[in-house]
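All values reported here derive from a predicted model rather than from experimental measurement. Residue numbers start at 1 and run along the sequence shown.
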Amino acid sequence: MLDEPRSGRLAAWGNALLAGLISPDEAADRIADDDAVHRVEGLPGEEKPVGLTLALGRLRALGAVGLRVALPVSGHPLGLCGPPEFNARALEAEEAVLASGAGLGLIPETYEAGPAGGAGPDVHVEVVWHCLPVREAPPADVPSLGEAERELAEALREATELLSTLDVAGAGPVAQAALEAYRARAEAGRRMLAPGYPPRAVRVLELAQRVGALIGIAQQAGGEHGGAVSSSQIAARAEALRPVERTARRAQVAAYNSAVEERERHRG
């Protein structure tokens, strides 16, 4: 299931700050969300990790004109542009942020403290963003918003048909929990994208999350009544879902990156 990535929050609200649409304190608060604290380590000119407010200001001083998201997985370096060291660490984290104009990228590492298996306010989450050099080059395999929207429409049909074939669309508590999680994210999605994003980006991101919710239902419903239960069926289902999940991730990246793309078009 496609949850909201921390890189998405950093890019969205960081872009709003770089555009002068929100204050540094609001940007830092929106990016941190429910996490206890975020710090940035390795920024040029800073010997120690610094908070988000200072880090965003430093990135702007270093020439950053926009923040882009990368959501790579094995075999799909989505949004990356090198060098290999950065790509490898971003692939391990499965997300990163690229600061266009500054030649820098940020990769999150999370630290959790609290009761085993805990969640919500009982878990203390700290995030350290590791800052590394990146190439100033076009990111890999990122579609335009229009392309992403068209691809998502087809992916949504494929995911719905697959659920119907598997007979898991309404299966049991796991499917219901996945649907509830999606509805909660849909509500939160109203503030997922910051000021400065085109309305189409909001639509694309919401649809990508909807497709992600359907993927989550199909992935988690195995073993419930009506779900695929044999290892061969589970493998076939995973194979069928892979291109749908890939499309949804590409659309997420397109949505988060659209503010930068639009500003660059206007400057061009």
**Item:** Verdict with supporting geometry, E264 and R68, salt bridge (charged side-chain N to carboxylate O under 4.0 Å, His left out)
**Value:** CA-CA 12 Å; E264 289 188 349; R68 288 185 167 92; 3.0 Å; yes

**Request:** Without swapping roles, check the side chain of E136 against the backbone of G101 for a donor-acceptor pair under 3.5 Å.
**Result:** yes

**Asked** Between E4 and L205, does a side chain to side chain contact (heavy atoms under 4.5 Å, CB included) hold up when you go through it step by step?
**Response** CA-CA 10 Å; E4 179 189 14; L205 185 58; over 6 Å; no

**Message:** Side chains of E126 and T110, heavy atoms from C-beta outward: is any pair under 4.5 Å?
**Reply:** no

**Asked** By side chain to side chain contact (heavy atoms under 4.5 Å, CB included), which residues pair with S144, not counting sequence neighbours?
**Response** E147

**Message:** Can you confirm whether the side chains of R250 and H76 place a donor and an acceptor under 3.5 Å from each other?
**Reply:** no

**Prompt:** If Ile, Leu, Val, Met, Phe, Trp and Tyr residues are connected whenever their side-chain heavy atoms lie under 4.5 Å apart, and connections chain through other members, are V253 and V202 in the same group?
**Reply:** yes

**Asked** Quick one: are E46 and L54 in side-chain contact, heavy atoms under 4.5 Å?
**Response** yes

**Asked** So, do H124 and E112 sit near enough that their side-chain heavy atoms are less than 4.5 Å apart?
**Response** no

**Item:** side chain to side chain contact (heavy atoms under 4.5 Å, CB included) assessment of L43 paired with L59
**Value:** CA-CA 8 Å; L43 268 174; L59 286 172; 3.8 Å; yes

**Message:** Quick check: is V260 connected to L193 through a chain of hydrophobic side chains (ILVMFWY, heavy atoms under 4.5 Å apart)?
**Reply:** no

**Prompt:** Going from CZ on R135 to CG on N87, what distance comes out if it is rounded to the nearest 0.5 angstrom?
**Reply:** 7.5 Å

**Request:** Only counting residues at least two apart or in another chain, list the ones meeting side chain to side chain contact (heavy atoms under 4.5 Å, CB included) with E262.
**Result:** P198, R265, H266

**Message:** I'd like to check the salt bridge (Lys or Arg N to Asp or Glu O under 4.0 Å) partners of E109; sequence neighbours left out, ordered by chain and number.
**Reply:** none

**Message:** How long is the straight-line distance from CG of N257 back to CD of Q252, given to the nearest 0.5 Å?
**Reply:** 11.0 Å

**Asked** When you check the gap from the basic side-chain N to the acidic O, do R6 and E95 get nearer than 4.0 Å?
**Response** no

**Prompt:** If you round to the nearest 0.5 Å, how far is CG of L18 from CH2 of W13?
**Reply:** 13.5 Å

**Message:** Rounded to the nearest 0.5 Å, what separates atom CH2 in W129 from atom CD1 in I31?
**Reply:** 8.0 Å

**Asked** When hydrophobic residues are tied together by side-chain contacts of less than 4.5 Å, even through go-betweens, does L80 share a cluster with V69?
**Response** no

**Request:** Please identify each residue that fulfils side chain to side chain contact (heavy atoms under 4.5 Å, CB included) with P133, with sequence neighbours left out.
**Result:** none

**Prompt:** Less than 4.5 Å apart, any side-chain heavy atom of L132 and any of I107?
**Reply:** yes

**Under-4.0 Å salt bridge between D35 and R9** = yes

**Request:** Compare every heavy atom of A16 with every heavy atom of A194, then report the nearest pair and how far apart it is.
**Result:** CB-CB, 3.7 Å

**Message:** Do T247 and V211 have side chains that approach each other closer than 4.5 Å (heavy atoms only, starting at C-beta)?
**Reply:** no

**Backbone N/O of A11 and side chain of N15: donor-acceptor pair under 3.5 Å** = yes

**Audit row: E245, R249, salt bridge (charged side-chain N to carboxylate O under 4.0 Å, His left out) steps and yes/no** = CA-CA 6 Å; E245 190 274 340; R249 278 191 302 106; 2.9 Å; yes

**Asked** Should V40 and V125 be regarded as members of a common hydrophobic cluster, given that ILVMFWY residues are connected when their side-chain heavy atoms come within less than 4.5 Å of each other, either directly or indirectly?
**Response** yes

**Request:** Compare all side-chain heavy atoms of V142 with those of P139 and state whether any distance is below 4.5 angstrom.
**Result:** yes

**Request:** Report the hydrophobic cluster partners of L91, with the cluster defined as I, L, V, M, F, W, Y residues connected by side-chain heavy atoms closer than 4.5 angstrom, directly or transitively.
**Result:** none

**Request:** Please report the closest heavy-atom contact between S23 and L17, naming both atoms and the distance.
**Result:** C-CD1, 3.8 Å

**Asked** Any chain of hydrophobic side-chain contacts (each under 4.5 Å) joining V65 to Y197?
**Response** no

**Asked** What are the two closest heavy atoms between P195 and I22, and how far apart are they?
**Response** CG-CG2, 4.2 Å

**Request:** Please identify each residue that fulfils side chain to side chain contact (heavy atoms under 4.5 Å, CB included) with V134, with sequence neighbours left out.
**Result:** F86, L98

**Item:** Any side-chain heavy-atom pair of L56 and L10 under 4.5 Å
**Value:** yes

**Message:** For L67 versus G14, what's the shortest heavy-atom pair and its separation?
**Reply:** CD1-CA, 3.8 Å

**Message:** Tell me if the CZ atom of R39 is crowded by more than 12 foreign heavy atoms within 6.0 Å.
**Reply:** no

**Fill in**
On a heavy-atom basis, the closest approach of A259 and G196 is CB-O, 4.1 Å

**Item:** Pairwise side-chain contact, Y256 with P5, heavy-atom cut-off 4.5 Å (strictly under)
**Value:** yes

**Prompt:** Out of curiosity, E94 CD to S7 OG, how far, rounded to the nearest 0.5 Å?
**Reply:** 11.0 Å

**Request:** Give a yes or no on whether a salt bridge exists between E154 and R150, defined as a side-chain N under 4.0 angstrom from a carboxylate O.
**Result:** no

**Fill in**
Here the pair of heavy atoms bringing A248 nearest to L152 is CA-CD2, 4.0 Å

